[in-house]
2 protein chains.
Amino acid sequence: MSPNGSPVSPTASEQPAKGGRYHHGDLRAALVDTTIDLIAERGVHGFSLAEASRRLGVTAAAPYRHFADRDELLAAVAVRALAVFTAMLEAEPADTQAPEQRLAAMTRAYVHFAAEQRPLFETLFGTAIDKSRYPELVRAYEPVDKLFMSSVGEICENDPRGAEALAAVLEASAHGHAALLLEGEYGQGPDAVRVAVDQAAGATLALIEGRKALATSADSPARP
Amino acid sequence: MSPNGSPVSPTASEQPAKGGRYHHGDLRAALVDTTIDLIAERGVHGFSLAEASRRLGVTAAAPYRHFADRDELLAAVAVRALAVFTAMLEAEPADTQAPEQRLAAMTRAYVHFAAEQRPLFETLFGTAIDKSRYPELVRAYEPVDKLFMSSVGEICENDPRGAEALAAVLEASAHGHAALLLEGEYGQGPDAVRVAVDQAAGATLALIEGRKALATSADSPARP
DNA sequence: GTCTATATCCCGATAGAC
DNA sequence: GTCTATCGGGATATAGAC
């Protein structure tokens with residue numbers, strides 16, 4: 001088990017062979033795991049293929065059998081990140097709640113994900129991966145998008161424009177809370193996470209409510 | 001004039017001297033300017049002291065007369081960033097508006113700043129500068145904080161707790177819009193900036209309004 | 001599928017001359 | 001206040017052996 005909690009191929013050894021050749025059971029997966037660990041320690045930009053190789057006891061040339069270059073490895077990490085986040089979202093009870101409550105829960109999950117899976121979150125945002133180069137990465141975004149937009153759509157029925165706008169501000173708010181949490185603006189430790197998560201969820205509800213209120217008052221400006 | 005629009009010392013030449021010694025009028029300021037250009041081109045993490053020196057026609061050793069290390073130069077850029085942002089905020093008409101409108105205007109300024117001064121914005125957030133090491137950086141935050149908190153305080157009179165919470169969500173929302181704009185989620189070009197700025201300002205108003213509404217309904221839960 | 005070896009390039013930082 | 005010279009790292013990526 002790697003420190004990031006992901007399983008490495010069972011046949012992978014963790015030390016270089018003393019004398020002979022060294023073979024990984026699944027160097028590709030091991031590289032993804034080790035990369036996540038490295039990002040956790042030094043940030044996305046501190047990561048290097050060379051050091052990941054060193055940690056796994058292979059030479060710096062080995063990874064190039066599995067990834068064309070550094071970016072392709074990061075894209076693989078991003079795909080994993082979206083899989084983890086999707087799993088978090090799908091673990092929520094889905095149908096029993098009002099769409100506002102589901103969106104608040106998704107916001108909680110978003111900020112929680114940023115806090116608990118920092119390296120994965122950083123990989124999704126801290127880097128400028130050229131998504132169009134990695135179709136599987138585009139596909140990995142789809143389930144998240146679907147879940148999110150379905151709840152937004154329920155709130156903005158028959159108003160696709162409004163839905164898009166609401167989606168944008170909700171995403172921005174959630175993202176902002178996550179980003180500032182990671183910047184340390186909420187302090188450190190589990191208390192900071194709790195506060196950020198609560199405030200983010202509250203902001204989601206307030207945004208939905210506030211937009212409703214402002215739209216109404218715009219319809220009948222004589223009634224503030 | 002440097003591409004980032006900041007004046008370089010008038011005595012600074014832009015090419016290395018052909019034969020003799022090379023003296024800058026103000027290498028320190030020139031380094032800050034060039035650093036901003038470099039960050040604009042390659043991002044905060046792509047920047048290097050070595051390349052900044054190269055561009056200015058000095059050797060890699062020269063900067064160390066002016067900055068103890070790389071981080072100190074980045075801190076100087078951050079100070080400049082806050083000065084620019086403060087100037088943007090102070091350029092707004094201050095007293096004529098309701099606090100909600102002033103906060104919406106500050107949000108506009110924030111997102112606008114991120115878009116128009118991307119390298120400065122990136123320096124403030126993309127790096128983990130240890131602020132406590134640079135007292136002048138701490139001081140540079142003060143005027144912004146003061147402007148922001150005074151408007152927030154007007155809305156949350158006699159409720160310092162509420163003021164802090166409102167400040168946090170407003171900051172997060174503004175930051176989120178700025179961050180997603182820079183990530184390209186709004187597309188490219190001036191249209192993207194306009195949309196992001198408008199949505200961010202709208203979100204600010206909606207957050208204030210929505211929190212008010214939710215607080216009220218919490219006081220009298222029998223009246224949804 | 002991995003290794004050896006190598007090419008090529010980059011960086012931050014310091015000592016001491018001028 | 002800048003330069004020369006240098007130390008001691010680090011990186012990506014390729015060619016060819018096994």
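To find a chain, count down the sequence lines: A is the first, B the second, and so on, and within it residues start at 1.
B:Arg54 has a side-chain polar atom (N or O) that falls below the 4.0 Å cut-off from OP1 or OP2 of C:dC11. One finds a side-chain N or O of B:Ser48 lying less than 4.0 angstrom from the OP1 or OP2 phosphate oxygen of C:dC11.
When each of D:dT2, C:dT14, C:dT2 is scored by its nearest atom to the side-chain atoms of A:Leu27, the top-ranked nucleotide is C:dT2. Looking at the side chain of A:Thr59, the nearest of the listed nucleotides C:dG12, C:dC3, D:dT2 is C:dC3. Relative to the side chain of A:His66, the nucleotides D:dT12, C:dG1, C:dT4 differ in distance, and C:dG1 lies closest. For B:Ala61, the listed nucleotide lying nearest its side chain is D:dA5; candidates were C:dT2, D:dA13, D:dA5. Closest contact between the side chain of A:Leu49 and the listed nucleotides D:dT12, C:dC3, C:dG12 involves D:dT12.
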*asked:* B:Arg118 vs B:Glu122, test: salt bridge (Lys or Arg N to Asp or Glu O under 4.0 Å). Steps then yes/no.
replied: CA-CA 6 Å; B:Arg118 181 173 190 143; B:Glu122 257 184 53; 3.4 Å; yes
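One atom, CG of A:Leu38, and another, C1' of D:dA11, lie 14 Å apart when rounded to the nearest Å. Taking atom CG of residue B:Asp26 and atom C1' of nucleotide D:dT2, one finds them 14 Å apart after rounding to whole Å. In this structure, CG of B:Asp69 is placed 5 Å from P of C:dA13, rounded to the nearest angstrom.
Ionic pairing of A:Glu51 and A:Arg42 is present here: one or more N-O contacts between side-chain nitrogen and carboxylate oxygen are shorter than 4.0 angstrom.
Residues of residues 70-79 of chain B having a heavy atom closer than 4.0 Å to DNA chain D: none are found.
Between A:Phe85 and A:Phe113, the ring planes are tilted. Angles from 30° to 60° get that label.
Between the CG atom in B:Leu166 and the CG atom in B:Leu207 there is a gap of 8.0 Å [rounded to 0.5 Å].
Here side chain to side chain donor-acceptor pair (under 3.5 Å) pairs that include residues 164-174 of chain A, with residues two or more places apart or in two chains, number zero.
Residue contacts shown for B:Ala62 are limited to sugar-phosphate atoms, with no base heavy atom under 4.0 Å away.
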